[in-house]
Every structure is written in structure tokens, then in C-alpha cells.
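Working notes, beginning with the structure itself.
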Protein chains: 2
Amino acid sequence: MTERDPTLMSGIPELVVLRLLAQQEMYGYEIARSLKVLSQDALTLGEGVLYPALHTMEARGLLRSRPKQVDGRTRIYYQVTPRGRKRLERLTASWQRVSEGVDRVLGAPSHE
Amino acid sequence: MTERDPTLMSGIPELVVLRLLAQQEMYGYEIARSLKVLSQDALTLGEGVLYPALHTMEARGLLRSRPKQVDGRTRIYYQVTPRGRKRLERLTASWQRVSEGVDRVLGAPSHE
DNA sequence: CACTATACCTCGGCTGACAAGGTATGGAAA
DNA sequence: TTTCCATACCTTGTCAGCCGAGGTATAGTG
């Protein structure tokens, strides 16, 4: 199973999750909380988005996971594979391109 | 038929089209070309995206259209309705929020 | 005992992006 | 003439993936 590039950038969940995990191993619940805090509430990944996303990313070889028991609770820690890092680079570049493009359009003069 | 807010922002086509049309009446083909130029090739709306988008936006009362004959060719000019302008405001705010959020996450320290 | 926070998950729906195709005109080149 | 490109519109079918709503289970607190 291979990844396709989002032509017009929707894959924000994938991008930010990869970015977080590139810094350190984390588990799902932690990712959700971190994202909210880091983005200052601008980004909130619901569990119906996050968990499926993690699973498909792992299936695509972008992430690896390992379960860990902590206080009788199971956490599943994810880390980025080399392939995931490449993907992160591409998505980041793509995001920059697109977001700058949008900003240019938005910034175009209204009148005069 | 009413609009729903994109929870995590995908509706870039809708946003930029509204923005262009808020400046001046334009027809489809023109919108596509303008977008490419303005965004410096970062944004390219294929016709399979653009035309359906225009139609649904009109159906939702965000746009109004009128056909015009020019040199034996039919152009369909679109303009933004008041409702469309409100939508544009919301989408713009939402875009700013989200894109800043993403940038904050991307900008978070890698190491140290 | 109830409630909240933690921590994982799945299901079904729907939107909307996209590729690929189709029609038709005008003008320029061959 | 015919071919080709640019203009200008359109539809169809597909599919990813976002989302809400639901479900399970444990630990700790009031």
C-alpha cells in the first residue's frame, strides 16, 4: 500500500502527526493532547480521525508501533520510520507551497 | 442546501474562488488561469474540481451566475452574493487559524 | 457508587477532490 | 482542407479520508 500526494492539501492530520512523532515516540491519546496544546487549540484531532489515521499510516510503513503497559493501562507508542521521514519532508514542502499560494491569493488587493 | 464548515480545512478551492470573485466578476476558465498566476503555480484547480465547485456554491446561494456571449463563445460569469461574502469571512478566519496552528506545530523544536 | 480521565477501538455516512472523458467554437498553421 | 491548439463549458464515477457517534475497559476521586 503506497501513499498518494494530496493534490490540494487536505492531509493535515497526517502531516502534523508525522511531525510530532519525528520529535519523539508518542501514543495516541498523547498525540491528541499535544496537538491541541501546541496549536493553541487551532487543531483538534478527534479520535475518529486520529486512530484510523495512525492505523493507515502504519499499514503504509510510515509508522511503527509497540504496545506498552503503564499502570494497568495499555498504551500504543508510535515512531516514525525512515519512509515516514521522507513522507514528512514531502508533505512539509507541499504544505509550504500551498499555504503560501493561498496567502498570496488572499492577500491580493481587494480594490483600487 | 446549507454549507458546513470544514472541520480541519480542506475547502481551499471554495475559499480561493470566493476570494477571487469578491474582487470582480469572473468566468470559470478565467478563474482557473488567475488562480494559477496569482498563486505562482502553487494552486491549480483542474476543471473536474472547479466546475462542480462553482455549481454547488451557486446551489448554496454563495454565487450567482449569468451567461454572456463573447465572440460566439459562451462564458458564464459568477459573482459573490452577500451570503457568499459572509462565508468568505468565516473561511478566511478559519484558514488563518488552522494554517497558523499547523505552522506552530511544524515550527516546534526538533531536538534539544 | 458514580463520575471523570485515561486509553484504545470500529462503524457508517458523506463530502468533496480528482481523473478521465465529452461537446463545441475560433483561429492559426500545414 | 485538415489539423491543431486555445478557449469554454460540462458530467461521470471513484475513492480517500474526515467526522460523529458509538463501544470497551481501567484507575482514581468524591
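Chain letters run A, B, ... following the sequence lines, proteins first, then strands; residues in each count from 1.
- One interatomic measurement links the two molecules: CD of B/Gln69 to C1' of C/dG26, which rounds to 14 Å at whole-angstrom precision.
- Looking at heavy atoms from C-beta onward, B/Leu35 lies out of side-chain contact with B/Thr44 at the 4.5 angstrom threshold.
- The distance from atom CD1 of B/Ile31 to atom P of D/dT7 is 15 Å, rounded to the nearest whole Å.
- Qualifying side-chain hydrogen bond (donor to acceptor under 3.5 Å, both in side chains) partners for B/Glu58, counting only residues two or more places apart in sequence or in other chains: B/Ser65.
- Between A/Val105 and B/Leu15, the closest side-chain pair of non-hydrogen atoms is not below 4.5 Å.
- The CG-P distance, from B/Leu50 to D/dT11, rounds to 12 Å in whole Å.
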* List the protein contact pattern of nucleotides 4-12 of chain C with one symbol per nucleotide (5' to 3'): B for base contact, S for sugar-phosphate-only contact, - for none; contact means a heavy-atom distance under 4.0 Å. => -BBBBBB--
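- Applying the ring-ring contact (aromatic ring centres under 6.0 Å, His included) criterion to B/Tyr27, with sequence neighbours excluded, gives B/Tyr77.
- Atom CG of B/Asp71 and atom P of D/dA6 are 18 Å apart (whole Å).
- Between the side chain of A/Arg83 and the backbone N or O of A/Arg60 there is at least one donor-acceptor pair closer than 3.5 Å.
- Considering only heavy atoms from C-beta on, B/Leu18 comes within 4.5 Å of B/Met57 through its side chain.
- Checking A/Gly72 against A/Gly46, the closest nucleotide of DNA chain D that is more toward the 5' end is the one next to A/Gly46.
- Atom CD in B/Glu14 sits about 8 Å away from atom P in C/dA17, given to the nearest Å.
- Distances shorter than 4.0 Å separate none of the side-chain N or O atoms of A/Arg60 from OP1 or OP2 on D/dA16.
- Atom pair B/Lys68:NZ and D/dC9:C1' shows a separation of 17 Å (rounding to whole Å applied).
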